[in-house]
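Chain naming here is simple, since letters A, B, ... match the order of the sequence lines and numbering starts at 1 in each.
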Amino acid sequence: MENKSTAGRVEKLLENIATLLEIKGEDHFRINAYRNAAENISLSGLDIKKLAEEDRLDEISGIGEAISEKIREYVTTGRLKYYEDLINEVPESLLDLTEVPGLGPKRVKALWKELDIKDIQSLDSAVEEGSIQKLDGFGPKLQEKIRENLRKRPGKEVPKRQLLHHAWSIADLIIDRLGKNNAVKKISAAGSLRRMKETIGDVDILVASEEPGKVTEDFLSLEEMDQIIMKGSTRTSIRFYNGIQADLRIVPPESWGTALQYFTGSQEHNVKMRELALKKGQSLNEYSLIRQKAGEKLFFSEEKKLYEHLGLQYIPPELRQNGSEILQASRGELPVLVEMGHIRGDLQCHTDWSDGQNTLQSMAEAAANSGLEYLLITDHSFGLGVAKGLSGTELKNQATRIDELNEKYEGKFRLLKGVEVEIKADGSLDLREEILSELDIVVAAVHSSLGQGRGKITERLLKAVENPLVHVIAHPTGRFLNSREEADVDWDALFTAAAENGTLLEINANPRRLDLPDRLIRRALKLGCRFVISTDAHSSEELDYMRFGVGMARRGGLSSKEIVNTESVDSLMSILKK
DNA sequence: GCCGTTTTCGGCCCGACTGTTTTCAGTCG
């Protein structure tokens with residue numbers, strides 16, 4: 001739990017409470033309330049500490065009096081009496097056991113009560129002794145499955161959640177392969193992948209077919225497959241050699257609309273959709289919508305018609321989050337989201353002048369070929385020694401070369417002069433003003449001392465935001481998914497200053513970063529900020545990362561008008577602060 | 001434990017698959 005933001009720690013605490021109550025055998029609606037609260041905190045992007053101090057936690061839906069009180073106690077004292085009492089009763093180490101696939105709360109409780117198994121080590125030795133198969137409801141197959149799963153616990157060689165581009169490459173491969181099968185009428189990615197979540201638990205693929213057996217057979221013959229996890233007539237799970245798990249679900253073609261909606265999730269979105277249907281006297285499942293009185297089944301050829309039928313605007317997958325979007329859709333208040341086709345330029349990339357792989361020319365050509373009208377070159381400044389950063393003189397030489405190339409492109413494409421300048425530990429920049437003022441666009445970034453305390457790093461970023469020479473703050477949180485935590489920053493203060501100063505916030509599309517994260521995009525949008533989506537490409541191939549940045553922007557609810565690289569180059573230059 | 005243009009009390013989604021079963025509980029999404 002250490003080394004996380006307050007919100008992160010509170011979320012973990014609430015989730016732990018939920019799981020421990022579940023093992024205890026508490027009412028599952030109460031348990032759900034804790035999970036729901038944790039999820040909504042995460043999605044809100046709000047500063048939990050500040051909210052707790054100002055007694056405004058109930059502004060987050062799903063947080064009522066009881067949970068609010070617990071969060072306040074935890075935030076102000078660093079402890080929670082209720083939790084301490086709870087783990088006295090139900091050992092905290094049982095939480096690890098519920099992480100083992102096949103072990104849910106009921107089985108963990110049985111292991112604990114019957115065999116005094118409290119942690120992974122004691123589970124491991126019980127499995128080796130063969131004692132757990134004797135328990136009621138357990139058997140040799142389950143014991144063997146647990147042994148298997150203990151051996152390849154995630155977090156070691158296989159990260160728990162996959163990065164978006166890895167998951168998509170598997171999905172594209174499956175869709176391409178199965179798409180050639182005549183038995184497949186329709187096929188689509190679903191789940192968190194389709195919702196463009198920053199990391200993916202497993203790859204979900206939905207198929208419409210009248211011959212599920214043929215499709216399943218094809219799926220199981222993929223040569224990249226390592227292992228069959230589960231195989232049924234309409235649902236199959238496999239694991240690939242690279243550790244990624246893929247689930248295939250097959251439904252009859254007439255169920256396509258309801259099935260794609262259901263299989264895309266999120267879980268919470270589906271719960272709210274089904275509740276809404278029930279209020280209208282209809283029951284929704286993945287096959288159809290059933291009018292309860294008449295028993296009549298309604299089928300939908302596409303998702304859009306299902307949403308319409310329920311009186312909603314179509315909700316794009318990226319917005320299907322905690323159910324609050326359903327209320328928005330019922331009022332016709334959903335934003336019109338930015339699309340890939342809106343993007344006209346890329347505002348961060350690197351060349352072989354610093355740590356990139358390709359030349360200025362080949363980056364420009366790749367960008368032009370992918371339909372972009374302009375590309376901002378942002379090699380590192382010299383402060384970032386590991387990345388062969390450029391000095392002022394080198395930047396001037398690069399500018400000459402850029403002018404030459406632009407002349408050649410005759411206005412059909414334009415390279416813009418920029419830099420990714422280092423924000424030093426004291427908030428100053430490592431290039432002089434006369435150098436920076438010569439450039440078209442200045443992108444500033446923090447790469448070191450990200451672990452500074454909240455006060456220090458906030459001040460440092462604020463200084464950059466308020467600097468009239470800085471147009472864009474790159475990858476603001478500095479996180480690396482699965483490996484480096486976000487910096488602990490007072491985001492509200494930073495976003496407010498960015499909005500006031502006209503400094504743009506980057507949505508870095510590199511799938512290892514995806515920074516800003518969507519919850520902070522939502523918050524920044526509310527505070528009036530504008531954005532750029534940039535690939536930070538270090539090779540011409542990486543210019544294709546744009547789709548992931550657009551996905552993140554869509555999850556954050558952004559329209560093209562809030563993203564400046566949807567503008568033509570002239571219009572872009574006129575928007576920039578002087 | 002939360003929530004309310006049907007409710008401040010009485011609701012709170014729904015189905016597939018597995019492994020244990022003699023008709024179903026547990027897990028998962």
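- A donor-acceptor contact under 3.5 angstrom links the side chains of A:Ser237 and A:Asp247, judged on distance only.
- Atom name C1', nucleotides B:dT8 and B:dC2: the rounded distance is 12 Å, in whole Å.
- At a threshold of 4.0 Å, the pair A:Glu73-A:Lys81 does not count as salt-bridged, since none of the basic side-chain nitrogens sits closer than that to a carboxylate oxygen.
- Comparing the P positions of B:dC12 and B:dT7 gives a spacing of 16 Å, expressed to the nearest Å.
- In this structure, A:Glu275 reaches the sugar-phosphate backbone alone: every heavy-atom distance under 4.0 Å involves primed, P, OP1 or OP2 atoms, never a base.
- Nucleic acid contact for A:Ser237: none, since no nucleic acid atom lies under 4.0 Å from a heavy atom of the residue.
- Rounded to whole Å, the separation between the P atoms of B:dG1 and B:dT6 comes to 28 Å.
- Summary of the strand contacts: A:Val108 and A:Ser283 both lie near DNA chain B, and taking for each the nucleotide with the nearest heavy atom, the more 5' one is attributed to A:Ser283.
- Under 3.5 Å, the side chains of A:Asn40 and A:Asn322 contain a donor-acceptor pair of N or O atoms.
- As judged by a 4.0 angstrom heavy-atom cut-off over every strand, A:Lys280 is placed among residues making no nucleic acid contact.
- More than 12 non-hydrogen atoms from other residues, nucleotides or ligands lie less than 6.0 angstrom from CG of A:Asp85.
- Between chain A and DNA chain B, the heavy-atom contact criterion of under 4.0 Å yields a 5' to 3' nucleotide range of B:dG1 to B:dG29.
- Backbone-only engagement by A:Arg107 is indicated by non-hydrogen atom pairs under 4.0 Å involving sugar-phosphate atoms exclusively.
- A distance of about 25 Å separates the P atoms of B:dT23 and B:dC28, rounded to the whole Å.
- Nucleotides of DNA chain B nearest to A:Tyr34 and A:Gly102 differ in position, and the one nearer the 5' end is that of A:Tyr34.
- Within the 4.0 angstrom heavy-atom criterion, only backbone atoms of the sugar-phosphate kind lie near A:Asp202; the bases stay farther away.
- A donor-acceptor contact closer than 3.5 angstrom is absent between the side chains of A:Gln267 and A:Arg35.
- A:Tyr287 comes within 4.0 angstrom of sugar-phosphate atoms only, judged by non-hydrogen atoms across all strands, and of no base.
- Looking at heavy-atom distances under 4.0 Å, A:Asn270 makes no contact with the nucleic acid at all.
- For the residue pair A:Thr19 and A:Asn16, no side-chain donor N or O sits within less than 3.5 Å of a side-chain acceptor on the partner.
- Contacts of A:Lys231 with the nucleic acid, taken as non-hydrogen atoms under 4.0 Å apart, involve only primed sugar atoms and P, OP1 or OP2.
- A:Thr258 places none of its side-chain heavy atoms less than 4.5 Å from the side chain of A:Glu286.
- A:Ile31 comes within contact range of no nucleotide atom at all, as no heavy-atom separation falls under 4.0 Å.
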